[in-house]
There are 2 protein chains.
Amino acid sequence: MESKGVVPRDAAKSTKDRITETKVAMSTAHDLQHGPTALYGQVASIIRSQITGGTLRADDDLPPIEQLCERYGVSRITIRQAIQTLVAEGLLISRRGRRVTVAPQAGVSQADTFKDVVDPMSAPQDDHEITVLDRTDRVVLPEGVCFIGTPTASYVRLRKVHRSGGVPYCVMEMYVDQALFNRLPRGIERREKLAPFLIKRANPEIKVGRERIIVAAADFEEAQMLEYPMAGPVARMTRILCDPDGNAIYYGRFTYRGDRFGVEREQGPYVKQPWEQLRKSK
Amino acid sequence: MESKGVVPRDAAKSTKDRITETKVAMSTAHDLQHGPTALYGQVASIIRSQITGGTLRADDDLPPIEQLCERYGVSRITIRQAIQTLVAEGLLISRRGRRVTVAPQAGVSQADTFKDVVDPMSAPQDDHEITVLDRTDRVVLPEGVCFIGTPTASYVRLRKVHRSGGVPYCVMEMYVDQALFNRLPRGIERREKLAPFLIKRANPEIKVGRERIIVAAADFEEAQMLEYPMAGPVARMTRILCDPDGNAIYYGRFTYRGDRFGVEREQGPYVKQPWEQLRKSK
DNA sequence: TATCATTTGTACGTATGTATT
DNA sequence: GAATACATACGTACAAATGAT
């Protein structure tokens with residue numbers, strides 16, 4: 001292939017900078033090159049480094065797309081795709097009718113990020129809200145989901161949304177053994193995180209609780225319920241609690257917003273790893 | 001304005017045409033509606049349900065975009081955006097010059113997915129490869145990253161890529177105490193996962209290892225190194241190992257492809273947490 | 001309360017580059 | 001080399017949400 005000379009594309013380049021309102025002290029004309037990296041990728045890189053570098057800060061507005069088009073000498077689609085990329089990365093927020101803004105949590109380092117996340121087993125904050133979407137009694141567990149323990153005859157199925165500070169951070173679907181649920185205080189599902197409650201106070205005793213965690217992209221439904229970009233990163237967790245007889249008295253599937261999820265694990269030489277005690281899942 | 005209506009596309013059944021071979025028994029004209037849900041969202045929903053429902057199976061080809069345009073009576077951009085969405089969700093793979101295909105791991109249930117993932121501490125498979133990108137001796141740990149333990153005076157900094165079955169699944173940056181590293185077998189960093197090696201065999205003993213895990217979207221660099229869609233979901237893990245004196249003799253930051261990451265945790269009142277089982281001192 | 005300008009979201013049509021078959 | 005098919009990119013238009021008037 002020929003390393004061809006760059007096609008001169010100075011269409012809108014000479015236009016005077018009319019960008020005066022924005023706080024964004026963006027630097028002067030960037031020279032984008034038609035080449036191996038797509039134009040939208042180059043634009044995204046520039047903006048990304050402005051965010052990580054501190055030129056753009058949390059909650060800052062970006063200039064309108066039209067102005068960015070002029071500035072970089074590219075079309076609207078190109079800018080849009082760059083913005084889309086950064087939205088998916090969690091660095092920008094774009095909403096109809098408003099300016100595109102830098103995400104509140106953008107630019108903080110990874111270590112700091114960990115302060116804002118919600119460990120699934122942590123105690124809820126003061127501003128924690130629980131919404132019960134629906135409840136169905138006397139249902140059976142779906143086939144093949146029980147990776148430890150044996151299902152019981154009958155469950156209560158609950159779907160809930162948890163919010164912190166008004167923002168939903170987790171949607172979940174859980175099955176609680178019907179007999180056990182009937183013994184719990186009335187309305188407890190609206191007041192408490194059930195798994196921590198069961199582990200601390202339930203009768204009969206919980207013998208073992210196990211969680212599997214994977215990461216994925218939010219599907220349409222999850223994105224809507226979590227007020228989160230479609231295909232944004234999420235954590236999916238499956239949790240099972242068993243009683244001393246090996247009955248799975250609790251099964252839950254959780255989807256956490258990626259920006260609000262974090263877990264900590266210990267590793268050490270004297271500890272047998274949980275999965276070494278497991279039967280292999282096929 | 002009136003939609004042009006879906007052109008029935010049944011005639012083109014030339015023998016050479018492999019398109020008719022696709023198992024896409026796509027139903028007859030789907031009526032998309034201009035309304036609250038965007039057209040591309042409707043298309044994405046249809047295809048998504050075909051995948052999860054089994055009409056489209058892993059490694060199946062989608063019809064060319066042009067044909068999808070005709071089928072749904074929408075333009076190329078609309079189809080592309082639907083495909084993009086599903087690519088970001090990990091359900092489709094789109095490559096230049098080839099048909100869009102259904103991702104190999106698409107359509108399997110969450111529980112099943114867990115068998116393909118790589119627990120960070122698991123033993124490497126036979127087809128496991130390690131590439132050392134670079135090595136720098138006698139460096140100090142970056143400021144403020146050490147969430148447990150105290151940094152030592154000098155580290156070896158390594159950047160590596162791990163592959164399984166030829167596919168990269170993790171990129172990492174790690175710091176190993178210089179003195180400790182000098183005592184390790186030569187070239188061990190190219191042959192072994194260092195943390196498990198240290199935990200099992202190092203001298204002095206590791207007293208405690210702790211991991212923090214969050215989820216995020218792949219940035220440009222990570223996406224390239226992992227051969228993964230930009231902004232695709234990834235897990236980021238930070239791990240620190242300390243010796244009995246509380247010195248952080250190992251610090252590592254890892255980025256895992258979302259489709260290859262999974263961890264398991266135990267929870268329960270009668271199971272001592274790993275760190276509770278640790279010998280407190282020698 | 002209603003209207004208007006601004007700004008982004010969605011969508012169409014078209015053209016060209018580039019990788020695969 | 002040719003045909004196929006996706007990626008990128010331009011220009012344009014209208015819809016919908018927001019904020020200010």
Side-chain angles (χ1 to χ4, degrees), chain A residues 1-12 18-22 24 32-44 61-70 72-88 92-101 223 227 229-230, chain B residues 1-5 12 14 16-22 32-44 61-70 72-88 92-101 223 227 229-230:
Chain A
M1 79 171 153
E2 17 61 274
S3 63
K4 70 175 299 183
V6 175
V7 180
R9 72 161 12 274
D10 38 15
R18 303 197 298 104
I19 315 105
T20 48
E21 274 186 75
T22 61
V24 189
L32 304 187
Q33 315 226 329
H34 277 100
T37 21
L39 292 184
Y40 77 87
Q42 298 177 48
V43 175
D61 286 342
L62 252 63
I65 292 183
E66 295 304 329
Q67 291 186 23
L68 292 174
C69 292
E70 292 179 33
Y72 295 107
V74 295
S75 86
R76 190 169 169 176
I77 279 197
T78 307
I79 297 295
R80 256 191 60 75
Q81 197 157 359
I83 290 175
Q84 259 182 348
T85 304
L86 297 172
V87 167
L92 294 180
I93 295 173
S94 96
R95 290 161 292 198
R96 192 176 253 174
R98 301 194 213 173
R99 292 272 180 90
V100 174
T101 58
E227 298 171 14
M230 170 133 52
Chain B
M1 62 336 188
E2 180 44 51
S3 73
K4 58 177 72 169
S14 69
K16 181 180 186 273
D17 207 3
R18 298 183 51 103
I19 293 141
T20 56
E21 199 183 329
T22 56
L32 304 188
Q33 316 232 332
H34 280 99
T37 14
L39 291 185
Y40 77 87
Q42 298 178 47
V43 174
D61 286 341
L62 252 64
I65 292 183
E66 293 304 331
Q67 290 188 22
L68 292 174
C69 294
E70 293 179 32
Y72 295 105
V74 296
S75 87
R76 196 186 165 84
I77 276 197
T78 308
I79 296 295
R80 257 190 61 73
Q81 197 158 0
I83 290 176
Q84 257 183 351
T85 304
L86 297 173
V87 166
L92 294 180
I93 296 174
S94 98
R95 291 161 290 199
R96 197 174 250 176
R98 300 193 214 173
R99 291 275 180 83
V100 175
T101 58
E227 297 171 15
M230 169 132 56

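Letters go in sequence order (proteins before strands), and every chain restarts at 1. Since the model is a prediction, treat every value here as computed from it, not as a measurement.
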Would you say a side-chain N or O of [X] is under 4.0 Å from OP1 or OP2 of [N]?
X       : N     : answer
A/Tyr40 : D/dA9 : no
B/Arg95 : D/dC6 : no
A/Thr78 : D/dT8 : no

Please tabulate, one pair per line, each protein N/O and nucleotide N/O from nucleotides 16-18 of chain D that are separated by under 3.5 Å, including the distance.
from: D/dA16; atom 1: O4'; to: A/Arg96; atom 2: NH1; distance (Å): 3.1
from: D/dA16; atom 1: O3'; to: A/Arg96; atom 2: NH1; distance (Å): 3.3

Provide, to the nearest angstrom, the distance between the [atom1] atom belonging to [X] and the [atom2] atom belonging to [N].
X       : N      : atom1 : atom2 : value
A/Arg99 : C/dT6  : CZ    : C1'   : 8 Å
A/Leu39 : C/dA15 : CG    : P     : 20 Å
A/Leu86 : C/dT8  : CG    : C1'   : 16 Å
A/Glu66 : C/dT8  : CD    : C1'   : 10 Å
B/Gln84 : C/dA11 : CD    : C1'   : 14 Å
A/Ile65 : D/dC10 : CD1   : C1'   : 15 Å
B/Gln81 : D/dA7  : CD    : P     : 13 Å
B/Asp61 : D/dT4  : CG    : P     : 16 Å

Tell me every residue that passes salt bridge (Lys or Arg N to Asp or Glu O under 4.0 Å) with A/Glu227, counting only those two or more places apart in sequence or in another chain. none
Can you give me the closest heavy-atom contact between [X] and [Y], atom names plus distance?
X        : Y       : result
B/Tyr40  : B/Thr78 : CB-O, 3.5 Å
B/Thr101 : B/Arg95 : OG1-NH2, 3.5 Å
B/Pro63  : B/Leu68 : O-CD1, 3.7 Å
A/Ala44  : A/Ala82 : N-CB, 3.8 Å
B/Leu62  : B/Arg99 : O-CD, 3.4 Å

Classify the nucleic acid contact of [X] as base, sugar-phosphate or nothing, counting any heavy atom under 4.0 Å across all strands shown.
X       : result
A/Ile77 : base
A/Ile83 : nothing
B/Arg80 : base

Looking at [options], which one has an atom nearest to any side-chain atom of [X]?
X        : options              : answer
B/Val100 : D/dC6, D/dT8, D/dG11 : D/dC6
B/Val74  : D/dA9, D/dC6, C/dC12 : C/dC12
B/Arg76  : D/dA7, C/dT10, D/dA9 : D/dA7

Note, B/Ile77 side chain near A/Ile77 side chain (heavy atom, < 4.5 Å): yes
